[in-house]
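Each chain gets a letter, A, B and so on, in the order the sequences are listed, and its residues count up from 1. These numbers come from the heavy atoms of this one structure, side chains and all, not from hydrogens, waters or symmetry mates.
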Amino acid sequence: MSGSSSSSVAGRDIVALEGVTKRFPGIVANDSVDLSIRPGEVHVLLGENGAGKSTLIGMLSGLQQPDEGRILVDGKPTPITSPRHALALGIGTVFQHMMLVPTLTVAENLLLGGPWWQRPRTEELEARVAEITRSLGITVKLHAKVSELSLGEQQQVEILRAMVRNSRLLILDESTSMLTPKGIDELGALMRRLVEQGLAIVFITHKLKEAAAFGDRISVLKLGRKVGEIPPERFRALGEQAIISEIVELMFGKQKDDPEAVERPVRTVRAEAAPLLQVADLAVAPTDNAPGLSSISFDIRPGEILGIAGIDGNGQKQLAEALAGQRAATSGSVRLEGIAIEALSVGERRRRGLRYLTDDRLGEGTVGTFPVSINFFLKQVGAAPFWRHGVEQRGEIDERAAQLVREYDVRTPSLKTPVARLSGGNIQKVLLARELAEGAKVVIFNKPTYGLDLANTLASRQRIRDTAARGLAVLLISTDLEELLSMCDRVAVIANGAIVGTVENTDDARTRIGRLMIGLAA
Amino acid sequence: MTGLFSEVFLSALLFGAVTAAIPLLLAGLGEQMSEKAGVLNIGIEGMMLAGAYLGFVGAFYSGSLWLGFLTGAAGGVAVALIMALLCVRIGLNQIVIGIALTLGLEGLTALLHHFQFSRSYPRLPAADATVIPLLSDIPVVGPAFFKHHLIVYLAVALVFGMGYLYRRTQLGLNLQAAGDKPAALDVAGIDVIRTRTIAVLTTGALAGLGGAFLANVGAGLFIPFITNGAGFLGIVLAMLARGRPVWVLFGALLFGVCLSLTTAMQVAGINIPTDVIQMLPFLAVMIMLVLFGRRASLPAALGIPYERGAR
Ligand SMILES: Nc1ncnc2c1ncn2[C@@H]1O[C@H](COP(=O)(O)OP(=O)(O)OP(=O)(O)O)[C@@H](O)[C@H]1O
Ligand SMILES: [Mg+2]
């Protein structure tokens, strides 16, 4: 089970898929996919939202069984019957959706899975974790409750867990989506070290640069089918740009040099216009493991996009929630069109045009078991024209929902499909569609494009730009510096719950923001 | 009226409170375990009835109270097996099955009892007490708390055993994960269905034991519907205790006092209609729910059947 004892010679598959097909009601998630996973290689899996990447991982980790085809482990056909079986085979997975128990501590989550008759071996774990975190260069609060960690911190815990288990195949399903640029680079370096020790890694991402930088072999999925592969020999022969353009061609069938590179926006924010959102001296009390906020002040004028940059877990979520009214502020004022709203309820703020797009899509963003159509109007339950006298108006709802599905390109088998069945990226589109709907004046986006594939990321960014162009005020919280630079008029940097500086998005913005983030003056 | 506040009366009242509290305690602890693991066990009233009936029959024919406790617990487990099969394994609605089990067992035990004993209600000899030396000599408290059947002390010890289980053992972690985020437990390599099944069967054993105690020690006989809502009180206790076994104990004692007071006031001939007196424990439930119910936090996946890979 341990990495060093890998009996398989480099070059032989640890795990291979042969003609694997998986169907769900109304959709073929994987269509006769072949894949070979080898020790000493980072195998990057790419594909649009809904292409079937996570489904493939589900079968490798024993959550699901293929309808057709077979899985070979060390060359032998081996049905992976359960997650326990997968772990025993040495397959460790970091899933796309959080797999931690929120009410347990980090340590308890890491201990989960031990033999039930044993006392949890806390000391042993602490020693092991200290060893790994040192080599990873991260700190983990072992005794904090998971529910008090930011999503980024939770993601680190999950990666740590896969490491603690000594897997020989490590699967990372969009594990960089919540990490900082520095954290991503460190993870890349770590993956390199691990494959050099003979591990195999499957790495799923939507960021093509990560794929080019960290991968050895790339497979591209499209609508459930594998449409292309770049083997290691070719991979090494190509430069980053060549790889990226080849991938883009495989995925989208069109060519473009750096699809993410966008002209810095030239927008005309009228300086004399009255601010739509004014925040002054906003403060929130800290909890045990989450920072509070202190003296947060900023204005956003109509048509303006203000970015919030910073390392995840520095109060971004608290800020968004305090503005949306989901978290009590201890002092300070929030004005929408000049009217104080800090004492108003969540619903009342929303009615006045304040919208908040959470980064916790499945948790607080949607009701997983409700159909897609209802999720579009969750925040309008009971209101006309979708509800009349307390009765749901099916016709109205379906008609408008169908329109939104088309407009936002939500890939769903039907309007009645429970929203949790959609792929991660498509859930995000449902949220976007809902929050940008009629009446919005100020929109808060918290990591709006994480987990979206390239095409959808670009489309979402364009939608946010259009939102601002319509004269709305936008607060864009993101850990992706490129994203902020490509969209914002100004960028404020948050650290430890306070704004440490605000930078106009001019040519030297990148370095100035970088300096602020690491604690230097811009 | 002098009798009402005499030492003897007070210690009898408290003695009765403890006796009445034990079945609630066992039911509450059992329900707590199921709920922790994510199964809302409404069938617990039925499990108690099965335990009461089989426990009585076991003790009646063997002459041994301990054998009665054993058959009672086995009866509870048998009902719990049905629950585990239908709700945990097949994933049917837990509320519907729970109610069906309770109603079914109410009818079944009444029917069986009628066939066996027709209209007679044979009694068991009084349970012999394990007297704790020294402590039992303390006035009032001694006779009230330290002259009970051995199983009473064991039940109280179980409270601390459960506390240890939840806070300090791997199984405790597994149970909590099964209730709060079963998918996380599953991908950690622990079978959710098995974990929940263990929880439900344990609930059955504890509820069955509680029922047997109620019949054999509390009443000394079996009459149809003898549990009279004790299982439901157990559900309330488990909900209010928020995962802490000690709170189940406190709650059970409080209800025990109310139940005992009901009997005591009837015996003392206080001039209040008996119906009103019998409402007392339920009034206590409502007061407790109003006071603490809002803070009751339930496991996130409570009542939701787990299916691997579904989303
Ligand atoms: N348990 C399920 N039940 C029904 N449909 C499912 C289920 N799991 C996945 N699907 C469907 O299968 C398709 C593939 O989903 P999958 O999650 O594998 O996509 P993905 O490539 O991981 O996308 P993303 O990048 O957005 O995470 C989607 O259309 C999804 O709706
Ligand atoms: Mg996915």
Side-chain angles (χ1 to χ4, degrees), chain A residues 22 24 54-55 57-59 61-65 81-88 91-105 107-122 146-147 158 161-162 165 362-363 368-369 417-424 427, chain B residues 32-33 35-38 89 91 93 161-199 201-202 242-244 295-311:
Chain A
K22 180 75 192 172
F24 291 115
S54 299
T55 305
I57 301 315
M59 289 184 282
S61 45
L63 281 177
Q64 260 148 357
Q65 308 304 320
T81 51
S82 68
R84 172 171 215 108
H85 188 195
L87 292 175
I91 302 173
T93 310
V94 177
F95 291 91
Q96 180 176 7
H97 299 292
M98 289 306 157
M99 283 294 186
L100 297 170
V101 184
T103 52
L104 295 179
T105 66
E108 286 169 331
N109 266 287
L110 294 177
L111 288 163
L112 215 55
W116 65 268
W117 60 88
Q118 266 175 13
R119 293 265 320 258
R121 304 204 159 155
T122 320
V146 165
S147 57
E158 295 219 64
R161 172 163 66 181
R165 285 193 184 127
L362 270 180
T369 52
T417 307
V419 81
R421 295 252 174 92
L422 302 192
S423 78
I427 298 174
Chain B
Q32 186 168 51
M33 178 168 279
E35 286 185 10
K36 238 192 193 353
R89 209 155 270 281
N93 186 303
M162 288 290 190
Y164 181 84
L165 176 77
Y166 294 144
R167 271 179 296 115
R168 295 252 184 274
T169 69
Q170 197 73 46
L171 183 60
L173 289 184
N174 293 354
L175 288 170
Q176 183 161 347
D180 275 322
K181 180 116 187 182
L185 182 67
D186 198 13
V187 300
I190 303 285
D191 195 322
V192 175
I193 304 295
R194 190 176 303 161
T195 308
R196 287 185 166 179
T197 302
I198 292 172
L201 294 186
T202 311
R242 283 187 281 165
R244 303 264 311 273
R295 279 190 286 150
S297 64
L298 299 172
L302 183 63
I304 306 169
Y306 179 71
E307 193 192 334
R308 176 180 292 160
R311 59 177 201 184

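Among B:A184, B:P299, B:G172, B:A183, the residue making the largest number of heavy-atom pairs under 4.5 Å with chain A is B:A184. Heavy-atom pairs under 4.5 Å with chain B peak, among A:P115, A:A86, A:S61, at A:P115. Of all the listed residues (B:D186, B:L185, B:N174), the one sharing the greatest number of non-hydrogen pairs under 4.5 Å with chain A is B:D186. Between chain B and the residues A:R161, A:R121, A:E108, A:H85, the largest count of heavy-atom pairs under 4.5 Å involves A:E108.
The backbone N or O of A:M99 lies less than 3.5 Å from a partner atom in the side chain of A:E158, making a donor-acceptor pair. Judged by distance alone, with hydrogens and angles left aside, the side-chain atoms of B:R196 form a donor-acceptor pair with the main-chain N or O of B:A178 at under 3.5 Å.
Atom CG of B:D180 sits about 10.0 Å away from atom CG of B:L298, to the nearest 0.5 Å. Interatomic distance, B:K181 NZ to A:M98 CE, rounded to the nearest 0.5 Å: 8.5 Å.
The two residues A:T103 and B:Q176 have their closest heavy-atom pair at OG1-NE2, 3.1 Å.
If you measure heavy-atom distances from A:L111 to chain B, the contacts under 4.5 Å come from both the backbone and the side chain. A:Q64 touches chain B through its side chain: at least one heavy atom from C-beta onward sits under 4.5 Å away, while N, CA, C and O do not. Heavy atoms of A:F24 lying under 4.5 Å from chain B are absent altogether. In this structure, chain B has a heavy atom under 4.5 Å from the side chain of A:P102, while its backbone stays farther away.
Atom CZ of B:R194 is surrounded by 12 or fewer heavy atoms from other residues, nucleotides or ligands within 6.0 Å.
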